[in-house]
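What follows is a single structure, written as C-alpha coordinates, with notes after it.
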Amino acid sequence: MLAMTGKHATALQETSDAVVELRSISKTYRDLAAVDNVSISVGRGELLCLLGPSGCGKTTTLRIVAGFVEPTSGTVSINNMDMTFQPPHRRDTGMVFQSYALFPHMTVAANIAFGMENLKWARAERDERVREMLRLVELPHLADRLPSQLSGGQQQRIALARALAIRPAVLLLDEPFSNLDAQLRVRMREELREVIRGVEVTTLFVTHDQEEALTMSDRIVVMNAGKIEQIGTPGDIYEKPETSFVAKFIGQCTVLEGIVGADGAFTAKAGLRLPGNWKPGPGCAVIRPEQIKMPSDRPAGVTYKARVVQSHYYGEATRVVIDVNGEQLMMQERFPFGLNPKSGDVLNVTLDTSEIRIIRKNPQS
Ligand SMILES: Nc1ncnc2c1ncn2[C@@H]1O[C@H](COP(=O)(O)OP(=O)(O)O)[C@@H](O)[C@H]1O
Ligand SMILES: [Mg+2]
(Lines give C-alpha, C1' and ligand atoms only; values in the text may rest on other atoms or scores of the structure.)
(Ligands and ions follow the chains in the order given, each with its own letter.)
Protein backbone atom coordinates (compact mmCIF):
# COMPACT_ATOMS: atom_id res chain seq x y z
CA MET A 1 0.00 0.00 0.00
CA LEU A 2 1.12 3.52 -0.78
CA ALA A 3 2.41 5.40 2.26
CA MET A 4 1.59 9.08 2.01
CA THR A 5 3.26 11.79 3.99
CA GLY A 6 2.70 15.36 5.09
CA LYS A 7 -0.90 16.49 5.35
CA HIS A 8 -2.28 13.32 3.81
CA ALA A 9 -3.56 10.28 5.61
CA THR A 10 -1.05 7.52 6.22
CA ALA A 11 -1.56 3.87 5.40
CA LEU A 12 -1.89 1.65 8.43
CA GLN A 13 0.58 -1.11 9.09
CA GLU A 14 -2.19 -3.42 10.17
CA THR A 15 -4.67 -3.84 7.29
CA SER A 16 -8.20 -5.12 7.58
CA ASP A 17 -11.12 -5.94 5.27
CA ALA A 18 -13.28 -3.39 7.04
CA VAL A 19 -14.03 -0.10 5.30
CA VAL A 20 -14.47 1.74 8.60
CA GLU A 21 -12.52 0.67 11.64
CA LEU A 22 -12.98 2.40 15.00
CA ARG A 23 -10.46 1.23 17.57
CA SER A 24 -11.05 2.01 21.27
CA ILE A 25 -12.65 5.39 20.56
CA SER A 26 -13.44 7.61 23.55
CA LYS A 27 -14.67 11.19 23.65
CA THR A 28 -14.81 13.03 26.94
CA TYR A 29 -16.45 16.41 27.56
CA ARG A 30 -15.20 17.68 30.97
CA ASP A 31 -16.12 14.70 33.14
CA LEU A 32 -18.73 13.22 30.75
CA ALA A 33 -17.71 10.17 28.72
CA ALA A 34 -19.92 10.80 25.65
CA VAL A 35 -18.27 7.82 23.90
CA ASP A 36 -16.49 5.27 26.03
CA ASN A 37 -14.03 2.80 24.50
CA VAL A 38 -16.01 1.97 21.38
CA SER A 39 -14.59 -0.41 18.76
CA ILE A 40 -16.59 -1.08 15.60
CA SER A 41 -15.68 -2.35 12.18
CA VAL A 42 -17.97 -1.90 9.20
CA GLY A 43 -17.54 -4.31 6.31
CA ARG A 44 -17.59 -3.38 2.63
CA GLY A 45 -21.14 -2.63 1.47
CA GLU A 46 -22.53 -3.22 4.94
CA LEU A 47 -25.36 -1.15 6.45
CA LEU A 48 -24.53 -0.84 10.12
CA CYS A 49 -26.84 0.94 12.52
CA LEU A 50 -25.95 2.68 15.77
CA LEU A 51 -29.02 2.32 17.97
CA GLY A 52 -29.66 3.64 21.45
CA PRO A 53 -31.58 6.16 23.52
CA SER A 54 -31.07 9.90 23.20
CA GLY A 55 -27.74 11.00 24.65
CA CYS A 56 -26.02 7.59 24.44
CA GLY A 57 -23.28 8.88 22.09
CA LYS A 58 -24.54 7.94 18.61
CA THR A 59 -24.12 11.35 16.96
CA THR A 60 -20.73 11.88 18.59
CA THR A 61 -19.53 8.51 17.25
CA LEU A 62 -20.79 9.34 13.74
CA ARG A 63 -19.16 12.80 13.84
CA ILE A 64 -15.89 11.20 14.90
CA VAL A 65 -16.06 9.03 11.76
CA ALA A 66 -16.91 12.08 9.63
CA GLY A 67 -14.15 14.17 11.18
CA PHE A 68 -16.31 16.87 12.77
CA VAL A 69 -15.32 15.75 16.26
CA GLU A 70 -11.82 14.69 17.31
CA PRO A 71 -11.73 11.71 19.68
CA THR A 72 -10.03 12.05 23.07
CA SER A 73 -8.38 8.69 22.41
CA GLY A 74 -8.54 5.85 19.90
CA THR A 75 -8.18 5.71 16.13
CA VAL A 76 -10.44 5.93 13.06
CA SER A 77 -9.43 4.34 9.82
CA ILE A 78 -11.22 4.30 6.48
CA ASN A 79 -10.07 1.86 3.82
CA ASN A 80 -7.00 1.12 5.96
CA MET A 81 -5.88 4.74 6.07
CA ASP A 82 -5.52 6.37 9.48
CA MET A 83 -8.02 9.25 9.39
CA THR A 84 -8.06 10.13 13.09
CA PHE A 85 -6.73 13.64 12.55
CA GLN A 86 -7.81 14.26 8.96
CA PRO A 87 -10.36 17.00 8.16
CA PRO A 88 -13.80 15.85 6.96
CA HIS A 89 -13.21 16.59 3.25
CA ARG A 90 -10.23 14.20 3.11
CA ARG A 91 -12.11 11.24 4.55
CA ASP A 92 -14.12 10.11 1.54
CA THR A 93 -17.39 10.19 3.49
CA GLY A 94 -20.79 11.65 2.63
CA MET A 95 -23.00 12.76 5.48
CA VAL A 96 -26.74 13.32 5.82
CA PHE A 97 -27.38 15.43 8.91
CA GLN A 98 -30.39 15.11 11.19
CA SER A 99 -31.66 18.53 10.02
CA TYR A 100 -30.50 17.83 6.39
CA ALA A 101 -28.44 21.06 6.47
CA LEU A 102 -29.08 21.90 2.81
CA PHE A 103 -27.60 25.27 1.85
CA PRO A 104 -30.72 27.49 1.84
CA HIS A 105 -29.49 30.05 -0.71
CA MET A 106 -28.41 27.41 -3.25
CA THR A 107 -30.60 25.50 -5.71
CA VAL A 108 -31.07 21.76 -5.44
CA ALA A 109 -28.60 21.23 -8.29
CA ALA A 110 -26.01 23.50 -6.64
CA ASN A 111 -26.47 21.68 -3.34
CA ILE A 112 -25.80 18.33 -5.00
CA ALA A 113 -22.82 19.71 -6.95
CA PHE A 114 -21.21 21.27 -3.87
CA GLY A 115 -18.94 18.39 -2.84
CA MET A 116 -17.85 17.73 -6.43
CA GLU A 117 -16.92 21.40 -6.83
CA ASN A 118 -14.76 21.21 -3.71
CA LEU A 119 -13.06 18.17 -5.17
CA LYS A 120 -12.56 20.09 -8.47
CA TRP A 121 -14.57 17.75 -10.69
CA ALA A 122 -14.81 18.94 -14.29
CA ARG A 123 -17.96 20.90 -15.11
CA ALA A 124 -19.43 18.39 -17.58
CA GLU A 125 -18.82 15.46 -15.28
CA ARG A 126 -20.37 17.36 -12.38
CA ASP A 127 -23.51 18.28 -14.33
CA GLU A 128 -23.95 14.71 -15.50
CA ARG A 129 -23.55 13.43 -11.94
CA VAL A 130 -26.15 15.92 -10.63
CA ARG A 131 -28.65 14.63 -13.22
CA GLU A 132 -27.79 11.05 -12.31
CA MET A 133 -28.30 11.73 -8.60
CA LEU A 134 -31.63 13.46 -9.21
CA ARG A 135 -32.79 10.44 -11.19
CA LEU A 136 -31.59 8.14 -8.40
CA VAL A 137 -33.76 9.89 -5.81
CA GLU A 138 -36.56 10.30 -8.38
CA LEU A 139 -36.71 14.10 -8.30
CA PRO A 140 -35.31 15.08 -11.74
CA HIS A 141 -37.75 18.00 -12.08
CA LEU A 142 -36.58 19.82 -8.94
CA ALA A 143 -33.05 20.84 -10.00
CA ASP A 144 -33.77 24.58 -9.95
CA ARG A 145 -35.79 24.78 -6.74
CA LEU A 146 -34.52 26.21 -3.49
CA PRO A 147 -34.61 24.00 -0.38
CA SER A 148 -37.39 26.15 1.12
CA GLN A 149 -39.59 25.15 -1.84
CA LEU A 150 -39.30 21.43 -1.03
CA SER A 151 -41.31 19.19 1.29
CA GLY A 152 -39.54 17.43 4.18
CA GLY A 153 -39.36 14.15 2.27
CA GLN A 154 -37.93 15.90 -0.80
CA GLN A 155 -35.30 17.71 1.29
CA GLN A 156 -34.33 14.41 2.80
CA ARG A 157 -33.82 12.85 -0.64
CA ILE A 158 -31.79 15.83 -1.86
CA ALA A 159 -29.58 15.58 1.22
CA LEU A 160 -29.04 11.91 0.36
CA ALA A 161 -28.26 12.78 -3.28
CA ARG A 162 -25.74 15.41 -2.11
CA ALA A 163 -24.04 12.91 0.20
CA LEU A 164 -23.80 10.21 -2.49
CA ALA A 165 -22.75 12.51 -5.36
CA ILE A 166 -19.00 12.26 -4.73
CA ARG A 167 -19.22 8.43 -4.62
CA PRO A 168 -18.00 8.35 -1.03
CA ALA A 169 -16.46 5.22 0.43
CA VAL A 170 -18.76 5.66 3.42
CA LEU A 171 -22.25 7.11 3.74
CA LEU A 172 -23.09 8.52 7.18
CA LEU A 173 -26.69 9.19 8.18
CA ASP A 174 -27.78 10.80 11.44
CA GLU A 175 -31.46 10.07 12.21
CA PRO A 176 -32.36 10.91 8.60
CA PHE A 177 -36.10 10.36 9.09
CA SER A 178 -36.66 12.14 12.39
CA ASN A 179 -38.30 15.18 10.75
CA LEU A 180 -40.75 13.16 8.67
CA ASP A 181 -44.27 12.08 9.62
CA ALA A 182 -44.87 8.45 10.53
CA GLN A 183 -46.15 7.20 7.15
CA LEU A 184 -43.51 8.99 5.10
CA ARG A 185 -40.86 7.67 7.48
CA VAL A 186 -41.77 4.07 6.71
CA ARG A 187 -41.79 4.73 2.95
CA MET A 188 -38.48 6.62 3.01
CA ARG A 189 -36.95 3.80 5.03
CA GLU A 190 -37.71 1.33 2.26
CA GLU A 191 -36.56 3.75 -0.45
CA LEU A 192 -33.31 4.52 1.30
CA ARG A 193 -32.58 0.82 1.74
CA GLU A 194 -33.14 0.30 -2.00
CA VAL A 195 -30.90 3.22 -2.99
CA ILE A 196 -28.13 2.08 -0.65
CA ARG A 197 -28.31 -1.47 -1.99
CA GLY A 198 -28.27 -0.12 -5.54
CA VAL A 199 -25.08 1.92 -5.10
CA GLU A 200 -23.51 -0.64 -2.72
CA VAL A 201 -22.09 2.03 -0.45
CA THR A 202 -20.84 1.14 3.03
CA THR A 203 -23.22 2.87 5.43
CA LEU A 204 -23.28 3.91 9.06
CA PHE A 205 -26.76 4.85 10.16
CA VAL A 206 -27.81 6.43 13.46
CA THR A 207 -31.27 6.02 14.94
CA HIS A 208 -33.05 5.77 18.27
CA ASP A 209 -35.93 3.90 16.57
CA GLN A 210 -35.68 0.17 17.13
CA GLU A 211 -38.06 -0.69 14.30
CA GLU A 212 -35.99 1.38 11.85
CA ALA A 213 -32.85 -0.43 13.02
CA LEU A 214 -34.41 -3.89 12.80
CA THR A 215 -35.83 -3.39 9.30
CA MET A 216 -32.89 -1.58 7.68
CA SER A 217 -29.66 -2.95 9.09
CA ASP A 218 -27.29 -5.76 8.24
CA ARG A 219 -25.96 -5.40 11.79
CA ILE A 220 -26.92 -3.27 14.77
CA VAL A 221 -24.67 -1.76 17.44
CA VAL A 222 -26.74 -1.11 20.58
CA MET A 223 -25.26 1.73 22.64
CA ASN A 224 -26.01 2.83 26.18
CA ALA A 225 -24.30 5.67 28.07
CA GLY A 226 -21.39 5.86 25.61
CA LYS A 227 -20.68 2.13 25.65
CA ILE A 228 -21.54 -0.75 23.33
CA GLU A 229 -24.04 -3.16 24.88
CA GLN A 230 -24.17 -5.61 21.96
CA ILE A 231 -23.30 -5.92 18.26
CA GLY A 232 -25.25 -8.36 16.12
CA THR A 233 -27.71 -8.98 13.30
CA PRO A 234 -31.29 -7.78 13.85
CA GLY A 235 -32.20 -11.41 14.64
CA ASP A 236 -29.41 -11.72 17.23
CA ILE A 237 -30.38 -8.47 18.90
CA TYR A 238 -34.08 -9.28 19.12
CA GLU A 239 -33.93 -12.97 19.84
CA LYS A 240 -30.64 -13.30 21.69
CA PRO A 241 -30.22 -10.12 23.72
CA GLU A 242 -27.11 -10.36 25.88
CA THR A 243 -28.10 -7.74 28.43
CA SER A 244 -31.41 -6.74 29.98
CA PHE A 245 -30.83 -3.23 28.56
CA VAL A 246 -30.82 -4.65 25.02
CA ALA A 247 -33.88 -6.82 25.73
CA LYS A 248 -35.86 -3.86 27.06
CA PHE A 249 -34.71 -1.43 24.39
CA ILE A 250 -35.56 -3.69 21.43
CA GLY A 251 -39.24 -4.45 21.26
CA GLN A 252 -41.74 -4.94 24.02
CA CYS A 253 -40.82 -7.37 26.74
CA THR A 254 -40.92 -8.15 30.41
CA VAL A 255 -37.62 -8.82 32.17
CA LEU A 256 -37.96 -10.80 35.41
CA GLU A 257 -35.12 -11.16 37.90
CA GLY A 258 -34.74 -14.55 39.50
CA ILE A 259 -32.74 -17.72 39.72
CA VAL A 260 -32.47 -21.04 37.89
CA GLY A 261 -32.56 -23.92 40.36
CA ALA A 262 -30.82 -27.32 40.24
CA ASP A 263 -33.82 -28.73 38.33
CA GLY A 264 -33.31 -26.22 35.47
CA ALA A 265 -36.50 -24.25 36.25
CA PHE A 266 -36.46 -20.47 36.63
CA THR A 267 -38.14 -18.90 39.65
CA ALA A 268 -38.82 -15.18 39.58
CA LYS A 269 -38.54 -13.01 42.72
CA ALA A 270 -42.30 -12.97 43.38
CA GLY A 271 -42.46 -16.75 42.92
CA LEU A 272 -43.54 -17.28 39.29
CA ARG A 273 -41.97 -20.55 38.17
CA LEU A 274 -41.02 -21.29 34.56
CA PRO A 275 -40.12 -24.93 33.99
CA GLY A 276 -37.15 -25.38 31.65
CA ASN A 277 -33.70 -26.73 31.11
CA TRP A 278 -31.53 -23.75 31.87
CA LYS A 279 -28.14 -23.78 33.60
CA PRO A 280 -28.49 -23.13 37.36
CA GLY A 281 -27.64 -19.68 38.71
CA PRO A 282 -29.03 -16.16 38.96
CA GLY A 283 -30.37 -14.50 35.82
CA CYS A 284 -33.15 -12.54 34.17
CA ALA A 285 -35.92 -14.09 32.09
CA VAL A 286 -36.90 -12.13 28.97
CA ILE A 287 -40.54 -12.72 28.06
CA ARG A 288 -41.82 -11.24 24.80
CA PRO A 289 -45.54 -10.52 24.38
CA GLU A 290 -45.81 -12.99 21.50
CA GLN A 291 -44.57 -15.84 23.74
CA ILE A 292 -47.75 -15.64 25.80
CA LYS A 293 -50.62 -17.30 24.01
CA MET A 294 -54.25 -18.20 24.56
CA PRO A 295 -54.80 -21.87 25.54
CA SER A 296 -57.73 -22.04 23.09
CA ASP A 297 -55.15 -21.90 20.26
CA ARG A 298 -53.63 -25.11 21.74
CA PRO A 299 -50.04 -23.81 21.88
CA ALA A 300 -47.23 -25.83 23.45
CA GLY A 301 -46.25 -24.74 26.95
CA VAL A 302 -47.46 -24.29 30.48
CA THR A 303 -50.83 -22.74 31.29
CA TYR A 304 -51.19 -20.16 34.08
CA LYS A 305 -54.09 -18.27 35.59
CA ALA A 306 -53.68 -14.52 34.94
CA ARG A 307 -55.47 -11.41 36.18
CA VAL A 308 -55.78 -8.50 33.75
CA VAL A 309 -54.16 -5.33 35.11
CA GLN A 310 -54.40 -3.11 32.02
CA SER A 311 -55.73 -3.57 28.52
CA HIS A 312 -55.00 -1.30 25.53
CA TYR A 313 -56.65 -1.79 22.15
CA TYR A 314 -54.29 -1.06 19.19
CA GLY A 315 -56.54 -2.16 16.35
CA GLU A 316 -54.43 -4.99 14.94
CA ALA A 317 -54.00 -6.41 18.45
CA THR A 318 -54.65 -5.66 22.11
CA ARG A 319 -51.76 -5.21 24.54
CA VAL A 320 -52.61 -6.56 27.93
CA VAL A 321 -50.65 -6.35 31.16
CA ILE A 322 -51.42 -9.44 33.20
CA ASP A 323 -50.51 -10.49 36.72
CA VAL A 324 -49.30 -14.07 36.93
CA ASN A 325 -48.33 -15.24 40.43
CA GLY A 326 -47.36 -11.73 41.49
CA GLU A 327 -45.35 -10.84 38.35
CA GLN A 328 -46.67 -8.43 35.74
CA LEU A 329 -46.20 -9.63 32.16
CA MET A 330 -47.06 -7.99 28.87
CA MET A 331 -48.95 -9.95 26.26
CA GLN A 332 -50.32 -9.11 22.84
CA GLU A 333 -53.26 -10.87 21.28
CA ARG A 334 -56.01 -10.34 18.75
CA PHE A 335 -59.20 -11.10 20.63
CA PRO A 336 -62.49 -11.86 18.83
CA PHE A 337 -64.66 -8.80 18.21
CA GLY A 338 -66.23 -7.55 21.43
CA LEU A 339 -64.17 -9.87 23.63
CA ASN A 340 -61.29 -7.59 24.59
CA PRO A 341 -60.38 -8.21 28.22
CA LYS A 342 -60.93 -5.52 30.86
CA SER A 343 -58.90 -4.91 33.98
CA GLY A 344 -59.91 -7.32 36.72
CA ASP A 345 -60.81 -10.13 34.26
CA VAL A 346 -59.26 -13.52 34.87
CA LEU A 347 -57.75 -15.38 31.88
CA ASN A 348 -55.84 -18.57 31.27
CA VAL A 349 -52.63 -17.98 29.32
CA THR A 350 -50.01 -20.38 27.98
CA LEU A 351 -46.28 -19.66 28.05
CA ASP A 352 -43.96 -21.58 25.79
CA THR A 353 -41.05 -21.57 28.19
CA SER A 354 -38.71 -23.17 25.64
CA GLU A 355 -38.75 -19.83 23.75
CA ILE A 356 -37.84 -17.77 26.80
CA ARG A 357 -34.29 -16.47 27.06
CA ILE A 358 -32.42 -16.25 30.35
CA ILE A 359 -29.82 -13.47 30.53
CA ARG A 360 -27.03 -14.15 32.98
CA LYS A 361 -26.11 -11.35 35.33
CA ASN A 362 -22.55 -12.48 34.98
CA PRO A 363 -22.07 -12.99 31.23
CA GLN A 364 -19.35 -15.60 31.87
CA SER A 365 -21.70 -18.00 33.68
N1 LIG B 1 -20.06 19.50 22.16
C2 LIG B 1 -20.48 18.93 23.30
N3 LIG B 1 -20.16 19.44 24.50
C4 LIG B 1 -20.55 18.85 25.65
N5 LIG B 1 -21.29 17.72 25.71
C6 LIG B 1 -21.65 17.16 24.54
C7 LIG B 1 -21.29 17.72 23.28
N8 LIG B 1 -21.77 16.94 22.30
C9 LIG B 1 -22.45 15.94 22.90
N10 LIG B 1 -22.38 16.07 24.25
C11 LIG B 1 -22.97 15.14 25.24
O12 LIG B 1 -22.52 13.84 24.94
C13 LIG B 1 -23.56 12.90 25.13
C14 LIG B 1 -23.80 12.13 23.85
O15 LIG B 1 -24.36 13.01 22.90
P16 LIG B 1 -24.79 12.54 21.43
O17 LIG B 1 -23.65 11.84 20.81
O18 LIG B 1 -25.33 13.73 20.74
O19 LIG B 1 -25.95 11.49 21.75
P20 LIG B 1 -27.08 10.86 20.81
O21 LIG B 1 -26.77 11.22 19.41
O22 LIG B 1 -27.00 9.39 21.08
O23 LIG B 1 -28.38 11.42 21.30
C24 LIG B 1 -24.77 13.68 25.62
O25 LIG B 1 -24.81 13.63 27.02
C26 LIG B 1 -24.48 15.07 25.12
O27 LIG B 1 -25.10 16.04 25.95
MG1 LIG C 1 -27.98 12.27 18.04
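Predicted, not measured: the structure shown is a model, and the values here were computed from it.
R44 and N79 share a side-chain donor-acceptor pair at under 3.5 Å. No side-chain donor from either of N80 and S77 sits under 3.5 Å from a side-chain acceptor of the other. D209 and T207 share no donor-acceptor pair across their side chains, judged by distance under 3.5 Å alone. Side-chain atoms of N348 and T303 include no donor-acceptor pair closer than 3.5 Å.
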Dump the intermediate steps for side chain to side chain contact (heavy atoms under 4.5 Å, CB included) on R63 and K27, then the final yes or no.
-> CA-CA 11 Å; R63 286 175 170 264; K27 178 67 189 181; over 6 Å; no
Worked check of side chain to side chain contact (heavy atoms under 4.5 Å, CB included) between E239 and R357 | CA-CA 8 Å; E239 285 166 48; R357 185 169 168 83; over 6 Å; no
Check the pair Q86 / I78 against side chain to side chain contact (heavy atoms under 4.5 Å, CB included), numbers first and verdict last.
-> CA-CA 11 Å; Q86 292 300 311; I78 296 174; over 6 Å; no
Pair L274-V302, side chain to side chain contact (heavy atoms under 4.5 Å, CB included): steps then yes or no | CA-CA 8 Å; L274 307 170; V302 189; over 6 Å; no
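There is a path of hydrophobic side-chain contacts, each under 4.5 Å, that joins V199 to L171. Cluster membership for M331 and V286, using ILVMFWY side-chain heavy atoms within less than 4.5 angstrom, is not shared. L172 and I228 fall within a single hydrophobic cluster, where Ile, Leu, Val, Met, Phe, Trp and Tyr are joined by side-chain heavy atoms under 4.5 Å apart, directly or via other members. When hydrophobic clusters are built by joining Ile, Leu, Val, Met, Phe, Trp and Tyr residues whose side-chain heavy atoms come closer than 4.5 Å, directly or via intermediates, I196 is grouped together with L136. I220 is not connected to L48 by any chain of hydrophobic side-chain contacts under 4.5 Å among Ile, Leu, Val, Met, Phe, Trp and Tyr, and they are in different clusters.
The aromatic rings of F266 and W278 lie perpendicular to each other, with more than 60° between the two planes, well past the 30° mark.
At distances below 3.5 Å, not a single donor-acceptor pair connects side-chain atoms of R189 with backbone N or O atoms of F177. Side chain of T254 to main chain of M330: a donor-acceptor pair is present (N/O by atom type, distance under 3.5 Å, no hydrogens or angles). Within the 3.5 Å criterion, the main-chain N or O of V19 finds no donor-acceptor partner in the side chain of T202. Side chain of K248 to backbone of C253: no donor-acceptor contact under 3.5 angstrom is found. For the pair D297 (side chain) and P299 (backbone), a donor-acceptor distance under 3.5 Å is absent. Put simply, the side chain of E327 never gets that close to the backbone of L256: no donor and acceptor are under 3.5 Å apart. Under a 3.5 Å cut-off, the side chain of D236 and the backbone N or O of T233 do form a donor-acceptor pair. With hydrogens and angles ignored, the 3.5 Å screen pairs no side-chain donor or acceptor of S354 with any backbone N or O of D352. A donor-acceptor pair is defined here as one N or O able to donate and one able to accept, closer than 3.5 Å; no such pair exists between the side chain of D174 and the backbone of F97. Side chain of R126 to backbone of M116: no donor-acceptor contact under 3.5 angstrom is found.
Nearest approach of P53 to K58, heavy atoms of both residues: O-NZ, 3.0 Å. Of all heavy-atom pairs between S217 and P234, the closest is O-CG, 3.5 Å. Annotation for R288 and I237: closest pair NH2-O, 4.4 Å, computed over non-hydrogen atoms. Here the shortest heavy-atom pairing between Q210 and I250 reads OE1-C, 4.0 Å. Of all heavy-atom pairs spanning I112 and A161, the tightest one is CD1-CB, 3.9 Å. When every heavy atom of S244 is checked against every heavy atom of I359, the shortest pair comes out as N-CD1, 3.8 Å.
The environment of E200 atom CD is sparse: at most 12 non-hydrogen atoms of other residues, nucleotides or ligands sit within 6.0 angstrom. Atom CG of D181 has more than 12 heavy atoms from other residues, nucleotides or ligands within 6.0 Å. For E138, the CD atom sits in a loose shell: 12 or fewer heavy atoms of surrounding residues, nucleotides or ligands are nearer than 6.0 Å. Residue E117 places its CD atom among more than 12 non-hydrogen atoms of other residues, nucleotides or ligands, all under 6.0 Å distant. Counting heavy-atom neighbours within 6.0 Å of E194 CD, excluding the residue itself, gives a total of 12 or less. No more than 12 heavy atoms of other residues, nucleotides or ligands shown are found within 6.0 angstrom of NZ on K240.
Atoms CZ and CD, on R185 and E212 in that order, are 7.0 Å from each other to the nearest 0.5 Å. Within the model, atoms CZ of R23 and CD1 of I40 stand 13.0 Å from one another, a figure rounded to the nearest 0.5 Å. Rounding to the nearest 0.5 Å gives a distance of 7.5 Å between CZ of R307 and CD of Q328. In this structure, NE2 on H105 lies 10.0 Å from CG on L146, to the nearest 0.5 angstrom. Here N340 contributes atom CG and R334 contributes atom CZ; the two are 8.5 Å apart, rounded to the nearest 0.5 Å. In this structure, OG on S41 lies 8.5 Å from CG on L22, to the nearest 0.5 angstrom.
Note that R319 lies in the cation-pi zone of Y314, set by a 6.0 Å cut-off to the ring centre and a 45° limit from the axis. Within the cation-pi definition used here (under 6.0 Å to the ring centroid, within 45° of the axis), R193 does not qualify as a partner of F205.
Within the 4.5 Å cutoff, side-chain heavy atoms of L204 are placed close to those of L50. A heavy-atom distance below 4.5 Å is not found between the side chains of E229 and E242. Residues H208 and E175 form a side-chain contact, since some pair of their non-hydrogen atoms from C-beta on lies under 4.5 Å apart. By the 4.5 Å heavy-atom criterion applied to side chains, L51 and F249 are counted as neighbours. N224 places none of its side-chain heavy atoms less than 4.5 Å from the side chain of T243. A heavy-atom distance below 4.5 Å is found between the side chains of D263 and R273. Counting heavy atoms from C-beta outward, P168 and I166 have side chains that approach closer than 4.5 Å. Put simply, the side chain of F245 reaches to within 4.5 Å of the side chain of V222, judged on heavy atoms.
Residues satisfying the side chain to side chain donor-acceptor pair (under 3.5 Å) criterion with E128, sequence neighbours excluded, are R131. Considering only residues two or more places apart in sequence or on other chains, R91 meets the side chain to side chain donor-acceptor pair (under 3.5 Å) condition with none of them.
Here E132 pairs with R129 in a salt bridge; the nearest charged N to carboxylate O distance falls below 4.0 Å.
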